[in-house]
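By convention in this document, chain letters (A, B, ...) are assigned in the order of the sequence lines, proteins followed by strands, and residues within each chain are numbered from 1.
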Amino acid sequence: MQNEERIRGIIQKAAAKAGLEVGVQAIEVENTRDPKFGDYSTNLAMKNAKKLGKKPIDLANSIIGAIDDPLVEKVECAGPGFINLTLKKESLASVVKKILEQGSAYGKGNDKHFKINVEFVSANPTGDLHLGHTRGAALGDAISNIYEKAGYEVTREYYVNDCGNQVHHLGLSLLARYKELFGEPLELGDDDYHGVDLIEIAKKIKEEKGDSLLHEKTEDVLPYFIRYGIDTELAKIKKDLGDFRVRYDVFSYESDIRKGDAIPKLLEELKPHTYVLDGAVYLKTSDYLDDKDRPIVKSDGNFTYFLPDICYHYDKMARGFDLLVDVLGADHHGYINRMKSALMMRGYKPESLEVELVQIVKTFQNGVEVKMSKRTGKAITHRELVAEVGVDAVRYFFVERAASSHLDFDYDLAKSQSKDNPVYYAQYAYARTCSLLGLGRDIAIDPEGKGLGSEDEKAILKHLADYPSMIEGAAKGRAPHRVAAYIQKLAALVHAYYGLTRIIDRENPNLTGSRLALMKACGLVLKDALGLLGVEAPEKM
RNA sequence: ACGCCCGUAGCUCAGCCGGAUAGAGCAACAGCCUUCUAAGCUGUGGGUCAGGCGUUCGAAUCGCCUCGGGCGUGCCA
């Protein structure tokens with residue numbers, strides 16, 4: 001059991017003796033930030049004094065008087081009524097043995113028997129991924145990893161919009177590029193894709209088909225160009241994501257959703273919630289959470305994107321997930337209540353869908369903002385960034401900050417500072433632990449950590465003991481940046497310890513064995529935490 | 001106009017289910033390589049937590065208002 005949990009139990013027992021009955025989870029135990037306040041502290045007395053008509057300090061003292069536990073070294077009342085506990089050295093050191101025994105299973109949460117579908121990126125296959133997608137990919141994958149670590153069952157999914165208006169324009173743009181190769185003037189509209197990557201695809205078509213498609217009617221060859229464009233773009237996206245160490249369990253295709261009679265059946269099902277206005281069919285989402293109704297069938301008879309999207313989300317729910325998580329760009333926030341409303345129409349709870357909004361990445365180059373647009377093709381692409389800066393640094397960078405924070409990303413700075421990226425600091429800490437273990441491989445490791453007990457060793461032990469609850473919190477908050485913050489702190493503790501302590505001391509093999517065990521534990525946790533963020537942990541740097 | 005996100009050190013950001021002197025990295029400054037990797041360590045400086053009012057024993061954190069920035073409010077996706 002981790003320290004905070006144990007302390008909650010101790011406090012609860014003592015509080016009961018002092019006349020205060022509280023649930024274990026209602027007891028807030030926090031790591032102190034200053035050793036003079038002991039190892040852990042709780043504000044329980046301050047929170048509950050009024051209820052009992054006592055002064056916080058008096059209540060604290062009567063709780064303290066009732067504490068009797070072999071793990072506890074010292075208890076004190078401080079400030080306005082904090083109860084500060086100091087644990088015995090041995091109880092802090094016990095985490096080392098646990099980590100060494102459990103290895104990468106350390107920090108793994110209990111099986112929650114809770115199935116979560118995480119959908120992320122889901123970029124339209126109409127061009128290269130841009131930096132917004134990079135952030136979505138890094139976050140979606142890390143969130144999935146953290147969920148799994150915390151004991152949830154996760155399916156990672158990508159929804160491919162291979163129908164509708166956008167891919168129609170992809171086909172038209174590709175056709176225009178194809179014709180351009182034969183000397184015809186390039187005609188691209190505002191809604192078409194101007195990205196130069198289409199030229200390469202057009203060249204391939206030219207190689208395969210020559211000029212055979214040149215003089216056909218547009219409507220006859222357009223489906224071919226659409227299909228070819230989608231297949232090629234999607235293959236590129238899959239490769240880019242794979243190179244970024246992002247793996248998916250399921251790719252779902254809008255074209256599959258539209259097959260058969262699923263959509264007409266859905267329309268029939270939703271009929272009580274619809275009305276016709278100006279020839280278009282509207283869904284009464286405003287009866288639920290939305291502030292206005294949304295069209296699902298256009299007056300020309302085509303579906304809006306929303307209808308197959310509803311069908312898709314119903315499909316996901318029908319597959320038995322307890323929770324759907326959509327990682328979306330912040331410009332989709334209007335979509336949340338729309339889709340929740342649709343889910344409610346079938347009787348699902350609105351909480352069965354959680355949307356993780358990823359704020360816009362503003363990109364700067366030479367101090368000037370680079371507007372991202374797949375259509376103009378001017379944006380810095382995901383591929384360029386990763387090639388320039390490297391997977392580890394990019395993944396870490398995009399996950400280091402909360403998804404909700406607006407991110408100013410300076411491309412030139414990222415390139416020039418890639419050596420200063422905090423990820424190297426963490427990787428270096430790991431490499432150092434490996435190096436020490438290599439140098440001291442002839443010394444017997446002491447998993448009990450008997451010699452440990454200095455202030456910096458205690459700080460490390462406490463931080464290691466925090467790992468499981470950090471995982472739990474990061475999962476609940478879908479907050480990979482907390483893992484990054486944890487890693488930074490652990491790396492800093494290791495570096496500082498290394499800098500101030502001669503770890504391998506051949507005059508003192510017992511103490512060295514304890515220290516090496518501590519370093520091994522740190523290495524295991526660092527590697528595991530970095531892995532959650534999709535970052536590698538090299539043994540040498 | 002309305003809705004959502006954001007405003008914390010020179011810069012990029014943590015902290016936000018209220019708690020003890022507000023943190024980290026980068027940048028700046030001063031030190032540390034004959035001993036375990038200097039991609040490192042030690043130390044210093046740097047803040048009206050956008051502003052105001054309120055709730056509270058206690059507010060960066062909760063509520064209301066104002067200001068500033070971003071996004072959204074398509075028969076686009």
Inset, instruction - Using heavy atoms and a sub-4.0 Å distance, could you list which residues of residues 477-497 of chain A are near RNA chain B? By number, please. - result: A:H481, A:H495, A:A496
Check the interface with nucleotides 75-77 of chain B: list each N/O to N/O pair with the protein under 3.5 Å, or write none.
residue : atom : partner : partner atom : Å
B:rC75  : O2   : A:S299  : N            : 2.8
B:rC75  : O2   : A:S299  : OG           : 2.8
B:rC75  : N3   : A:S299  : OG           : 3.0
B:rC75  : N4   : A:D278  : O            : 2.7
B:rC76  : OP2  : A:K298  : NZ           : 3.1
B:rC76  : O2'  : A:N165  : ND2          : 3.3
B:rA77  : OP2  : A:Y305  : N            : 3.1
B:rA77  : O4'  : A:Q166  : NE2          : 2.9
B:rA77  : O2'  : A:N124  : ND2          : 3.1
B:rA77  : N6   : A:Y305  : OH           : 3.0
B:rA77  : N6   : A:R338  : NH1          : 3.0

Inset, instruction - Applying side chain to side chain contact (heavy atoms under 4.5 Å, CB included), name anything that partners A:A485, two or more places apart in sequence or on another chain. - result: none
Pick out the pairs of N or O atoms, protein on one side and nucleotides 56-61 of chain B on the other, that lie under 3.5 Å.
residue : atom : partner : partner atom : Å
B:rC57  : OP1  : A:K50   : NZ           : 3.0

Legend entry - Set of residues satisfying salt bridge (charged side-chain N to carboxylate O under 4.0 Å, His left out) with respect to A:R502, sequence neighbours excluded: none
Inset, instruction - Could you list the residues that satisfy side chain to side chain contact (heavy atoms under 4.5 Å, CB included) with A:K298, not counting sequence neighbours? - result: A:D300, A:N302, A:T304
Legend entry - Proximity to RNA chain B (any heavy atom under 4.0 Å), residues of residues 431-440 of chain A only: A:A431, A:R432, A:S435, A:L436, A:L439
Legend entry - Sequence-distant partners of A:D287, salt bridge (charged side-chain N to carboxylate O under 4.0 Å, His left out), two or more places apart: none
Inset, instruction - Using the criterion of both pairing distances under 3.5 Å for Watson-Crick and G-U wobble pairs, give all stems of 3 or more consecutive pairs involving RNA chain B. - result: B:1-7 with B:67-73, B:10-13 with B:23-26, B:28-32 with B:40-44, B:50-54 with B:62-66
Legend entry - side chain to side chain contact (heavy atoms under 4.5 Å, CB included) against A:A60, all qualifying residues, sequence neighbours excluded: A:A45, A:C77, A:I83
Restricting both atoms to N or O, compile the protein contacts to nucleotides 30-34 of chain B shorter than 3.5 Å, with distance only.
none

Show the atom names and distances, to 0.1 Å, of all donor-acceptor pairs under 3.5 Å that link a side chain in residues 475-482 of chain A to residues at least two apart or in another chain.
residue : atom : partner : partner atom : Å
A:R478  : NE   : A:E356  : OE1          : 2.8
A:R478  : NH1  : A:Y147  : OH           : 3.4
A:R482  : NH1  : A:G473  : O            : 3.2

